[in-house]
Engineer: 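Structure provided below as structure tokens; questions to follow.
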Amino acid sequence: MRVRLRFFAALRERMGPRGERFVADGTTVGVLWRALVRERPDLAATRVRFAVNQTYVEPGHALSDGDEVAFFPPVSGG
Amino acid sequence: MRVRLRFFAALRERMGPRGERFVADGTTVGVLWRALVRERPDLAATRVRFAVNQTYVEPGHALSDGDEVAFFPPVSGG
Amino acid sequence: MTRRCRVTRGRLAVPALIRAVLDPAAGAVVTFLGTTRNTNAGRRVTRLEYEAFVPMAEAEMERLAKAAARRWPIRRVAMAHRIGRVPVGEASVGIAVSAGHRREAFEACHWLIDRLKEIVPIWKREHFRGGQVWIGPQQGGPPPRRRAARAVRRPR
Amino acid sequence: MTRRCRVTRGRLAVPALIRAVLDPAAGAVVTFLGTTRNTNAGRRVTRLEYEAFVPMAEAEMERLAKAAARRWPIRRVAMAHRIGRVPVGEASVGIAVSAGHRREAFEACHWLIDRLKEIVPIWKREHFRGGQVWIGPQQGGPPPRRRAARAVRRPR
């Protein structure tokens with residue numbers, strides 16, 4: 001199944017703002033992130049939070065076809 | 001000696017905004033207030049604070065010639 | 001610590017109040033506005049009317065601002081109190097505080113309005129449907145003004 | 001509880017923020033503004049630059065406003081966060097809360113800015129004399145961007 005990727009702040013500077021990925025059914029957000037880190041080992045030290053379809057989720061959240069997955073460095077608004 | 005009087009809020013409505021008084025040397029603010037209450041017994045129930053020359057004082061504060069004495073009901077600004 | 005404390009007539013100039021405390025070394029501005037509420041103690045309030053001992057009220061606000069600056073590391077304080085009629089929904093008092101960080105700005109602003117209500121020589125008279133009354137325990141005994149006392153009891 | 005939460009470009013419209021929370025049943029309006037400070041961690045800051053995941057940031061601010069209304073008896077909330085460049089002395093974030101009484105307005109406003117900083121998806125990059133750096137623990141390790149890392153160490 002296909003998922004869309006969004007990156008923000010320092011992550012956006014390394015990965016670009018958007019991406020796309022084909023993943024196996026039942027893939028979790030955490031598994032997807034680890035796959036990205038395998039390809040880009042410099043991401044390993046990054047503290048990251050995940051949002052799927054604009055809602056925060058835990059790493060164990062299972063993806064669905066068409067989901068938008070956003071990767072956030074620690075927020076610093078205000 | 002002569003002192004000027006100022007009244008505010010509910011007190012102003014009964015006493016008028018300003019007055020004048022001749023008092024003996026060494027008269028305190030509290031003694032002056034009790035003199036006013038003797039003339040106007042309806043003031044007896046009033047909770048009052050005193051300011052002399054725009055500074056809060058205690059009832060034992062001794063007056064000087066020319067002082068401006070202000071009589072305040074409990075404040076309620078804000 | 002810069003401060004600007006005023007008793008004014010007419011609408012409070014809130015943008016000016018905030019501008020007065022902006023400071024390049026401040027990361028936080030906290031502002032309090034006290035507004036006329038349409039009910040109080042079960043009465044339907046139509047407006048408030050404020051009276052002040054103006055020069056002393058301004059001096060007492062200045063003293064409070066200085067005292068706040070001794071308790072918290074704040075940058076600037078602006079305080080304004082309106083006198084005369086204040087309709088429902090409009091502000092009677094505004095306090096703005098700037099500080100390096102937000103905690104001290106919140107704490108100082110809250111403290112300033114608490115203290116202002118306790119000691120600054122300003123009085124409000126509430127006008128409500130059917131009467132008016134001075135606010136605050138003006139008397140030890142029952143309300144002195146027949147019209148107000150009667151009106152409080154009038155059923156709606 | 002009425003609320004209005006926005007991510008915007010350009011100067012924050014503070015009077016509009018306050019107008020959005022005025023309410024005839026409110027006696028208190030507390031407003032917080034976060035402004036760009038000219039120093040941070042010993043660096044001379046020239047501006048901040050904010051980036052947001054805009055629709056989610058607005059949705060998260062709405063959720064916070066609703067959560068505040070469950071915790072405190074407040075009337076209205078307005079929140080605005082500016083993105084893009086924010087020069088020293090200008091506001092990046094504004095939160096206004098109205099309530100019947102002042103204590104809940106102060107507490108809810110303070111809580112909202114604390115929570116906003118923790119969870120709303122917005123990021124700031126600090127531009128200072130000699131470099132720039134993303135704020136927040138973006139990395140477990142040392143700062144990744146050579147230019148920023150070098151600049152932090154440059155003596156003034």
Side-chain angles (χ1 to χ4, degrees), chain B residues 2-21 28-64 66-78, chain C residues 5 7 12 32-37 40 48-64 79-83 86 91-95 110 112-126 132-145 147-148:
Chain B
R2 190 187 66 97
V3 294
R4 289 163 297 138
L5 312 182
R6 304 280 306 260
F7 301 97
F8 292 89
L11 276 174
R12 173 184 53 71
E13 292 184 320
R14 297 195 203 174
M15 304 293 286
R18 292 165 188 274
E20 198 182 68
R21 200 89 185 175
T28 64
V29 170
V31 165
L32 171 56
W33 174 246
R34 284 193 297 276
L36 295 172
V37 170
R38 266 195 303 277
E39 295 167 21
R40 295 283 306 260
D42 60 313
L43 295 181
T46 306
R47 292 176 51 186
V48 69
R49 288 190 74 180
F50 312 107
V52 170
N53 304 330
Q54 303 182 16
T55 300
Y56 280 114
V57 299
E58 296 300 317
H61 180 89
L63 294 169
S64 300
D67 277 349
E68 178 195 63
V69 188
F71 299 90
F72 299 159
V75 301
S76 57
Chain C
C5 299
V7 172
L12 275 199
F32 172 80
L33 299 178
T35 52
T36 300
R37 216 175 44 238
N40 184 34
L48 297 175
E49 210 165 314
Y50 287 88
E51 168 177 340
F53 187 9
V54 175
M56 182 170 166
E58 291 181 339
E60 288 293 319
M61 289 194 283
E62 294 264 348
R63 286 202 325 118
L64 288 179
M79 304 173 79
H81 204 298
R82 179 173 174 181
I83 54 174
V86 182
S92 53
V93 60
I95 299 178
H110 199 159
L112 282 166
I113 181 61
D114 285 352
R115 297 292 291 141
L116 180 148
K117 285 168 170 273
E118 287 168 9
I119 73 161
V120 176
I122 300 177
W123 299 267
K124 63 161 85 66
R125 182 155 51 176
E126 180 187 298
Q132 49 178 274
V133 64
W134 285 103
I135 301 297
Q138 307 267 329
Q139 290 277 326
R145 306 178 71 254
R147 191 175 152 220

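Letters A, B, ... are given to chains in the order of the sequence lines, protein chains preceding strands, and every chain is numbered from 1. Computed over heavy atoms, backbone and side chain alike; hydrogens, waters and symmetry mates excluded.
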Engineer: Check this for me: does any side-chain nitrogen of one of C:Arg125 and C:Glu51 sit under 4.0 Å from a carboxylate oxygen of the other?
Structural biologist: no
Engineer: Check whether C:Glu118 gets within reach of chain B through its side chain, its backbone, both or neither, counting any heavy atom under 4.5 Å.
Structural biologist: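 Just its backbone gets close to chain B.
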Engineer: For C:Tyr50, is it the side chain, the backbone, both, or neither that has a heavy atom closer than 4.5 Å to a heavy atom of chain B?
Structural biologist: side chain
Engineer: Please determine whether side-chain contact (heavy atoms from CB on, under 4.5 Å) holds for the pair C:Ile95 and C:Leu33, giving the CA-CA distance in whole Å, both sets of side-chain angles, and the decisive distance to 0.1 Å.
Structural biologist: CA-CA 7 Å; C:Ile95 299 178; C:Leu33 299 178; over 6 Å; no
Engineer: Taking atom CZ of B:Arg4 as the centre, does the number of heavy atoms from other residues, nucleotides or ligands within less than 6.0 Å exceed 12?
Structural biologist: yes
Engineer: Any carboxylate oxygen within less than 4.0 angstrom of a Lys/Arg side-chain nitrogen, looking at B:Arg14 and B:Asp42?
Structural biologist: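 Yes, B:Arg14 and B:Asp42 are salt-bridged.
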Engineer: Please flag which part of C:Ala52 lies under 4.5 Å from any non-hydrogen atom of chain B: side chain, backbone, both or neither.
Structural biologist: backbone
Engineer: Could you tell me which residues in residues 55-63 of chain B have at least one non-hydrogen atom under 4.5 Å from a non-hydrogen atom of chain C, sorted by residue number?
Structural biologist: B:Thr55, B:Tyr56
Engineer: Distance from B:Thr46 atom OG1 to B:Met15 atom CE, nearest 0.5 Å?
Structural biologist: 9.5 Å
Engineer: Any salt bridge between B:Arg2 and B:Glu20, counting N to O under 4.0 Å?
Structural biologist: yes
Engineer: Answer yes if the side chains of C:Glu126 and C:Trp134 hold a donor-acceptor pair under 3.5 Å, and no otherwise.
Structural biologist: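 Result is no, nothing qualifies.
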Engineer: Quickly, which of B:Phe7, B:Phe8, B:Trp33 forms a ring-ring contact (aromatic ring centres under 6.0 Å, His included) with B:Phe72? Name it, please.
Structural biologist: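 Answer to the ring-ring contact (aromatic ring centres under 6.0 Å, His included) test with B:Phe72 among B:Phe7, B:Phe8, B:Trp33: B:Phe8.
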Engineer: Relative to chain C, which segment of B:Ala70 carries a heavy atom at a distance below 4.5 Å: side chain, backbone, both, or neither?
Structural biologist: side chain
